[in-house]
Every structure is written in structure tokens, then in C-alpha cells.
Amino acid sequence: MGMCAGFSTARAALIAVALGAAAESAFAETIDVYDDHGGSVAAYDQRWADHARRGVNVRIVGPCQSACTVLLRHIPRSRICVTPAASFGFHLAKSQRGTDMLRASYSPDIMGWINRHGGLTHDFIWMSAPDTYRFFRKCG
């Protein structure tokens, strides 16, 4: 009888932990990205690393271009959603170090999409719907 009571208590504790984790995920901060023209790749890299440590969700609701795209390095796709107006603008950075950081931010499938559309150049390559839906979930 004592073993069954201990098992029930352990099971209840596991359920409480699982529910707490689900609630924490459901109530995680959501950052809306819109009309973000980028800036310093290193500064954006640090900012998105900080956001990732906090477990934020990201909703892309407009353009995310240039250094903004380093969010793809830090925020798991499971925490990113896109709206119909979402777009990503990819291009070469002003410095080789910045370009290297951008390239390191893109998964092989996204880099493949970039390469199929002319590769990184000084001109923007825009990924928008329906292409964004191939890589990211639609916001609900």
C-alpha cells in the first residue's frame, strides 16, 4: 500500500511539472517583428541570443530584413510563426564578418532557398508567402 501511495504522489508530481512547463510555454512572451530594417549584425545577434535564453515566441507580422534575420540562428522554428504579411529580406552584410554571421544563421534548407533565388548579393532577396509557409508555421 505504501508503494502505491508513493507512486501516486510521484505521478502527481510529474503531472504538475508537465502542466507547469506547458503553461510556461503557453504564456511565454511573444515578440512581434514588423518593419525591421536591421542594423549591426553583432548587435542583433546578441539581442536575439538574449531573447532565446528567455524562451520568447516570435511572430513575424511584416518585413524582417538584413540583420533582423539572425533571429533564425537563435529562435527555434517551433517558436516562430508567420502571418500572410511576413517577409524575410536576405542580402550580404557590409563586412565579411557580418556576412559570415548571417550565413551561420540560416539552416541548410533556408540557405538552399536563398541559393535557388540567386544567392546572397548586395541586393535583397525577399522570401514571403507562400514560401514562408514552407519553412514556418502560420500564426494562429
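Both backbone and side-chain heavy atoms feed into the values below; hydrogens, waters and symmetry mates do not. Because the structure is predicted, anything quoted here is derived from the model rather than measured.
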Hphob cluster co-occupancy, [X] + [Y], side-chain heavy atoms under 4.5 angstrom:
X	Y	answer
Leu71	Tyr133	yes
Phe124	Leu102	no
Tyr44	Val61	no

Report the C-alpha separation of Val58 and Phe136 in whole Å, then their side-chain angles, then the decisive distance to 0.1 Å, and conclude whether the side chain to side chain contact (heavy atoms under 4.5 Å, CB included) test is met. CA-CA 11 Å; Val58 176; Phe136 306 96; over 6 Å; no

Atom pair [atom1]/[atom2] of [X] and [Y] - distance to nearest 0.5 Å:
X	Y	atom1	atom2	answer
Thr99	His91	OG1	NE2	8.5 Å
Thr132	Lys138	OG1	NZ	8.5 Å
Met101	Ser95	CE	OG	9.0 Å

Answer whether the closest heavy-atom distance between the side chains of [X] and [Y] falls below 4.5 Å.
X	Y	answer
Met127	Phe90	yes
Ile31	Ile75	no
Leu92	Arg103	yes
Ile114	Phe88	no

Ignoring hydrogens, what is the shortest heavy-atom contact between [X] and [Y]? Give both atom names and the distance.
X	Y	value
Ala67	Gly39	CB-O, 3.4 Å
Ala93	Val41	CB-CG2, 4.2 Å
Trp126	Trp113	O-CH2, 3.3 Å
Ser87	Pro63	OG-CA, 3.4 Å
Gly118	Ile125	C-CD1, 4.3 Å

Could Arg97 and Asp100 be called an ion pair, given the rule that one side-chain N must be under 4.0 Å from one carboxylate O? no

Check this for me, if you would: do Asp131 and Arg116 make a salt bridge, where the nitrogen-to-carboxylate-oxygen distance has to be below 4.0 angstrom? no

With a 3.5 Å cut-off and no angle check, do the side chains of Ser107 and Asp109 form a donor-acceptor pair? yes

Going by atom types only, do Tyr106 and Thr69 share a side-chain donor-acceptor pair under 3.5 Å? yes

Please evaluate residues Asp45 and His74 with respect to the criterion side-chain hydrogen bond (donor to acceptor under 3.5 Å, both in side chains), reporting the C-alpha separation (whole Å), side-chain torsions for both, the decisive distance (0.1 Å), and the verdict. CA-CA 8 Å; Asp45 191 60; His74 299 286; 2.7 Å; yes

Main chain of Ile60, side chain of Thr83: is a donor-acceptor contact present, judged purely on distance under 3.5 Å? yes

Should His117 and Asn115 be marked as a side-chain hydrogen bond (donor to acceptor under 3.5 Å, both in side chains) after you check the CA-CA gap, both sets of side-chain angles, and the distance that decides it? CA-CA 5 Å; His117 290 83; Asn115 289 336; over 6 Å; no

